[in-house]
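The model shown is predicted, which means the values in this text are computed figures rather than measured ones. Throughout, a chain's letter reflects where its sequence line sits, starting with A, and its residues are numbered from 1.
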Protein chains: 2
Amino acid sequence: MDGNSRVQKRNRSAILAAALDVFSQHGYRGATLDQIASAAGMSKPNLLYYFPGKEAVFVQLLHELVDKWLEPLRQLNADGDPLEEIRTYVRRKVQMSQEMPQESRLFANEIVQGAPRMGTYLSQDLKELFDEKTALLSKWMDEGRIARMDPQHLIFSIWATTQHYADFEAQIHLLSDPGTDVFQSAAEFLDNLYVRLLTP
Amino acid sequence: MDGNSRVQKRNRSAILAAALDVFSQHGYRGATLDQIASAAGMSKPNLLYYFPGKEAVFVQLLHELVDKWLEPLRQLNADGDPLEEIRTYVRRKVQMSQEMPQESRLFANEIVQGAPRMGTYLSQDLKELFDEKTALLSKWMDEGRIARMDPQHLIFSIWATTQHYADFEAQIHLLSDPGTDVFQSAAEFLDNLYVRLLTP
DNA sequence: TGTTTTTTTTACCATTTGGTCAAAGCAAGG
DNA sequence: CCTTGCTTTGACCAAATGGTAAAAAAAACA
């Protein structure tokens, strides 16, 4: 076998799924291999048969998530209607906060601590994409199709407002009116916010 | 002595200052008593002479910060001009992100992990203040002095956008145009954002 | 079925870490 | 100087934790 058998694939993804659970809840240092292994339904030495160590699990998990995470921004389409493109982007980001809160918190945890295990990765893929899209936003502003403002801060504000609902879920849940769908009302609020902000 | 001598006060605050450094950078589990003690210029047993344990240091640190942290929201004045009050609040929050990024990241870390050591505290002080201020915002909206929207999400969005600059500093720094004052431009961007959003 | 290869487990190790303890240092009053 | 009470430290401990080694178990193959 070449190390990619069906069993291997199944176990590797079971480990990564378990690692997402555990790392996102306790952070890198707070998570233990025993916890992850147990959540993946195997023993610690067995987990270490599939990954060379704790950090390797964490790093691969992060790397596999970056793509998924940046996809909505990648889809911001230069040929579409500016306002609709941005509204769609915001809607997708809120949806991701709802459907993948663990992934969001995993990133948040890593970045809050200074991204010690993601530094180079961030500065490549992410920076390239960020520069491309801020340039696009600038162009739209130059053409008068959306209101003029700092495009970098515009993206920051979208990230902040949308990811907040996943990253600070504990606080949100505590403070929100019970009985309402937080993500539904958040989507409406943010849609209105960005329409008001961006309409020239 | 009654346990509050000058030496005691000096050492306790040295410990808390060191703990802020270390906890905000590595999280609760990632920080070690040795690190904190060493940063405070003393030995670990000496630190444990002043605090009963690691968690006690962490909890007291958090409790002492909550007050400082909520102060700007407390100052939202029912008798002031609504728009100016909110602009002042946003400006103060940005300023706090700039001047107390460690405090911000300490909270972020705790909340991202589900606030396991702050639950009850949050649900009391914070919730009470939050409800009071959303009621105030609602009143202002009823009176037609600011645009109508969900007041809870309005506060969430202010927290998200302002604290983002402290909590995600690593990312912000990596992506921002070098040579510009991030906090200065952020303050301008957010001022403009909330003026546009809130003007009836 | 017998052999080889992959997978899993049991037992273990070294280090880290939160915390204890008893002894030593030290300031203040007598 | 000597006692008394507060402060600091060096030595130590038990538990947790990342990781290893070798053998058992299970598949895969011939």
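The side chain of B/Ser43 contributes no N or O atom lying less than 4.0 Å from OP1 or OP2 of D/dT8. Listed pair B/Tyr49 / C/dT20 fails the phosphate criterion, with no side-chain N or O lying under 4.0 Å from OP1 or OP2. The phosphate of C/dT9 has OP1 or OP2 within less than 4.0 Å of a side-chain N or O from A/Asn46.
One atom, CG of B/Asp34, and another, P of D/dT9, lie 13 Å apart when rounded to the nearest Å. Between B/Glu55 atom CD and C/dT17 atom C1' the separation is 16 Å, expressed in whole Å. A straight line from CG of B/Asn11 to C1' of D/dT7 spans 9 Å, rounded to a whole angstrom. The distance from atom CG of B/Leu47 to atom C1' of C/dT17 is 14 Å, rounded to the nearest whole Å. Between the NZ atom of A/Lys9 and the P atom of C/dT6 there is a distance of 17 Å, given to the nearest Å. Per the geometry, OH belonging to A/Tyr50 stands 20 Å off C1' belonging to D/dG18, to the nearest Å.
For A/Arg29, whose side chain is taken as the heavy atoms from C-beta onward, the closest listed nucleotide among D/dT7, C/dG19, C/dT16 is C/dT16. With D/dT8, C/dT8, D/dG18 as the choices, the nucleotide that has an atom nearest any side-chain atom of A/Thr32 turns out to be D/dG18. Considering only side-chain atoms of B/Pro45, the nucleotide from C/dT6, C/dC21, D/dT20 that sits closest is C/dC21. When each of D/dG18, D/dT7, D/dT20 is scored by its nearest atom to the side-chain atoms of B/Gln8, the top-ranked nucleotide is D/dT7.
Using a 4.0 Å heavy-atom distance criterion, B/Ala31 is classed as a sugar-phosphate-only contact. Across all strands shown, B/Leu33 has heavy atoms under 4.0 Å from sugar-phosphate atoms exclusively, and none from any base.
Aromatic ring centres of A/Phe51 and A/Phe58 lie farther apart than the 6.0 Å criterion allows.
Taking the six-membered ring where the residue is Trp, A/Phe156 and A/His153 present perpendicular rings, their angle passing 60° and hence far from 30°.
No hydrogens or angles were tested; on distance alone, a donor-acceptor pair under 3.5 Å links the side chain of A/Lys44 to the base of D/dG18.
Judged by distance alone, the side chains of B/Arg12 and B/Gln60 never bring a donor and an acceptor atom under 3.5 Å apart.
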